[in-house]
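None of the values given here were measured: they were computed from a predicted structure. To find a chain, count down the sequence lines: A is the first, B the second, and so on, and within it residues start at 1.
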Number of protein chains: 2
Amino acid sequence: MESPQNTEEKILDAARQVFHQKGFNGTRMQEIANLAGINKALLHYYFRNKESLFEKVFNETFARITSKMKEIFLSDMALLPKIENFVHFYIHFISHHSYVVHFIINAMYEKPEQLREIIVKQNILPELFLEKIRKQLKDEIGLEIDPLHIYVNILALAIFPVVAKPLLQSIFSLSDDRMAQFFEERKQIVPTFISNALQGYEKSTNVV
Amino acid sequence: MESPQNTEEKILDAARQVFHQKGFNGTRMQEIANLAGINKALLHYYFRNKESLFEKVFNETFARITSKMKEIFLSDMALLPKIENFVHFYIHFISHHSYVVHFIINAMYEKPEQLREIIVKQNILPELFLEKIRKQLKDEIGLEIDPLHIYVNILALAIFPVVAKPLLQSIFSLSDDRMAQFFEERKQIVPTFISNALQGYEKSTNVV
DNA sequence: GTCTATATCGGGATAGAC
DNA sequence: GTCTATCCCGATATAGAC
C-alpha cells in the first residue's frame, strides 16, 4: 500500500494532512516533519518557509474543488439534471472530505489577501458559467432571473451544512451516524427543493 | 459620544473588536491592551488568561445570535411571514456585522471542544422550535417533511453568502457596492425561493 | 540530501514597585 | 488598580557538520 515516495512527496502529503485539519495558524512545522518521518531542517530545505509550503497545498486543494465545479456546470446537460448531478457530487464529496471545506474557509479568514491573489491566478472564468446558467434558466424554465443568486443558492444548500456541521451537531445533539444519514438525505432533498423553487416562479412575477 | 467606562468595560470592548476580527489564534493580547489604552499586565489582572477572556466574549456574542433566532421562530406568526421575517432580519444583521459570523465559524474550527461545552450551557431548546416548524409545515402548508432539513435550508440560504463573502467577491470580481446590493436583493429573493420550494411540494410526492 | 544544534523572536504570563 | 521589567516557552528559521 505504501508507494515508495521521494522526500518532497512525503513532505507534501504530510503538509496536506496537517494543514487540512488545523489550518495555517494551527499547524506546527514540527508536526509535519514528524508525519513525514524527517526533521524540521529538511522541511526548510525543500520549501523555503511555512508560507510557501502552505501556498502549494492550498493551490492544489482549491484547484481540485473548482475544476470539478467548472466541469459540471459547463457540461451540456439540461439544467435540472445538472443541478442534481452537482448537488449529489458535492454533498457526497464534501461530507466525506469535510476537512477540505474547513480548510478553504479557514484560509479565507486567516489569509484573505493571499486567497485573493491565488484566486486571480487560477483563472476560474465565472462569467462563462454564470452566462451558461442564465441561458439555461431562460431557455429551459422560462425564467429571467439573476443567475448569480441561483448559483449562490445552490452552493449554499449543498455546502453550508458541512461548514456548520460541528455547530449543528452540538445544537441538535446529532450522533455521527445521524449526521451521515442527514447528508445522505440531502442528496435527494436539496435538488427537489431547488427544482420546486425554480418551477414555482413560473406562476409568480419575476424578481430582479 | 464617549461613554465614560470603567477599565473592565474598556477591556471587554477592545477584546470583542479584536477577537471578532481575528479569531482566537490571530489575536494578540498586546493589541487588545493597546486598543483599551492600558498594558498587558492589567489584562491579566482582570482576566486570568487569554482563554477566559475569549470565553466571555464568545458567550456574549453567541447568545446575541441565538436569542433572536429563538424569539422569531417561537413567535406566533404564520410560517411564511415568519420565514420572511427571519431571513430579512438575519441577512440585514449579518451582512452589516459579518464579523460575527466569521467569529462563530472561526471559533468552531479553532476551539471545537469549548464550543460544544458552551452550547450545552446555553440551553437553546432546539427540539422546541423544530417541533414548532414541523407543526406549522403540516397545518399551514400540508407538508409532512423533516423540519430539520427545512430549517437548515433556511439558515443556509441566509447565512452562507456571508460566510463565503470574501470568496464570492474574489471569484466574481464584485465591488463592495455590488456586494451590498447583492445582500439587499437577497432579502427579497430568498423568502420567495423558499416559499416557492415549499409550495411546490403540494403536487409532488413527499420525501422523508 | 539529511542530520543536530542553535539562533532568534514573538507572545502569554508573572513579579514586584508604586 | 496600574505600571515596568522580565521570565519563559514554543515555534520558525538557519548554521554547519556529515
Side-chain angles (χ1 to χ4, degrees), chain A residues 2-59 103 106-107 109-115 117-118, chain B residues 2-59 103 106-107 109-115 117-118:
Chain A
E2 297 289 279
S3 59
Q5 299 172 300
N6 63 32
T7 304
E8 186 166 345
E9 282 169 352
K10 278 194 290 190
I11 293 177
L12 276 173
D13 274 7
R16 216 172 297 137
Q17 281 188 54
V18 184
F19 278 132
H20 281 175
Q21 276 179 36
K22 315 204 169 173
F24 183 80
N25 287 330
T27 290
R28 305 294 145 225
M29 294 295 264
Q30 184 64 60
E31 194 173 351
I32 296 178
N34 291 345
L35 202 59
I38 55 157
N39 59 34
K40 283 191 291 178
L42 209 51
L43 283 186
H44 288 88
Y45 175 79
Y46 279 93
F47 300 88
R48 204 170 54 271
N49 52 29
K50 193 180 174 182
E51 288 281 338
S52 66
L53 182 51
F54 179 81
E55 198 174 322
K56 190 112 180 177
V57 170
F58 184 87
N59 259 307
F103 176 67
N106 240 324
Y109 297 129
E110 287 180 337
K111 319 185 80 44
E113 335 71 39
Q114 288 90 324
L115 179 68
E117 283 177 40
I118 292 170
Chain B
E2 297 289 277
S3 58
Q5 299 172 299
N6 62 32
T7 304
E8 186 165 346
E9 281 169 353
K10 279 195 290 190
I11 294 177
L12 276 173
D13 275 6
R16 215 172 299 140
Q17 281 187 56
V18 184
F19 278 133
H20 281 175
Q21 276 179 37
K22 314 202 170 176
F24 182 82
N25 288 330
T27 290
R28 304 294 146 227
M29 294 295 264
Q30 185 65 59
E31 194 174 350
I32 296 178
N34 291 345
L35 202 60
I38 54 157
N39 59 36
K40 280 193 293 177
L42 209 51
L43 283 186
H44 288 88
Y45 175 80
Y46 279 92
F47 299 88
R48 204 170 54 268
N49 53 29
K50 193 180 175 182
E51 288 281 338
S52 66
L53 183 52
F54 179 81
E55 198 175 321
K56 189 112 180 178
V57 169
F58 184 87
N59 259 307
F103 176 67
N106 239 326
Y109 296 130
E110 287 180 335
K111 320 185 79 44
E113 335 70 39
Q114 287 90 325
L115 179 70
E117 283 178 39
I118 292 169

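For B:Lys50, the salt bridge (charged side-chain N to carboxylate O under 4.0 Å, His left out) criterion is met by no residue, not counting sequence neighbours. By the side-chain hydrogen bond (donor to acceptor under 3.5 Å, both in side chains) test, B:Glu110 pairs with B:Asn25, sequence neighbours left out. Scored by the salt bridge (charged side-chain N to carboxylate O under 4.0 Å, His left out) test, A:Glu51 finds A:Lys111 as partners (sequence neighbours excluded). By the side-chain contact (heavy atoms from CB on, under 4.5 Å) test, B:Glu31 is found to be paired with B:Val18, B:Lys22, B:Arg28, residues two or more places apart in sequence or in another chain being considered. Partners of A:Glu8 by salt bridge (charged side-chain N to carboxylate O under 4.0 Å, His left out), not counting sequence neighbours: none found. Looking at residues two or more places apart in sequence or on another chain, you find a side-chain contact (heavy atoms from CB on, under 4.5 Å) between B:Asn34 and B:Gln30. Evaluation of the ring-ring contact (aromatic ring centres under 6.0 Å, His included) rule for B:His44 yields no partner, not counting sequence neighbours. Judged as a side-chain contact (heavy atoms from CB on, under 4.5 Å), and not counting sequence neighbours, A:Gln21 has no contacts. Every ring-ring contact (aromatic ring centres under 6.0 Å, His included) that B:Phe103 has, sequence neighbours left out, goes to B:His20, B:Phe54, B:Phe58.
Between A:Lys10 and A:Asp13 there is no salt bridge, since no side-chain N of the basic residue sits under 4.0 Å from a carboxylate O of the acidic one.
Contact annotation for A:Ile38: backbone-only contact, meaning every heavy-atom pair under 4.0 Å involves sugar-phosphate atoms and none involves a base.
For residues 11-26 of chain B, proximity to DNA chain C is found at no residue, defined as any non-hydrogen atom under 4.0 angstrom from a strand atom.
Between the CG atom of A:Asn34 and the P atom of C:dT2 there is a distance of 16 Å, rounded to whole Å. One can place CG of B:Leu43 at 15 Å from P of D:dG1, the figure rounded to the nearest angstrom. In this structure, CG of A:Leu42 is placed 11 Å from P of C:dT4, rounded to the nearest angstrom.
Overall, the helix from C:dG1-D:dC18 to C:dC18-D:dG1 carries an axis bend of 10° between its ends, with five pairs at each end and the value rounded to 10°.
One finds a side-chain N or O of A:Thr7 lying less than 4.0 angstrom from the OP1 or OP2 phosphate oxygen of C:dT2.
Rounded to the nearest 0.5 angstrom, B:Ile38 CD1 and B:Leu43 CG are separated by 4.5 Å.
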Inset, instruction - Encode nucleotides 4-18 of chain D as B, S and - characters from 5' to 3', where the letter depends on protein heavy atoms closer than 4.0 Å: B to the base, S only to sugar-phosphate, - to neither. - result: B------SBBBB---
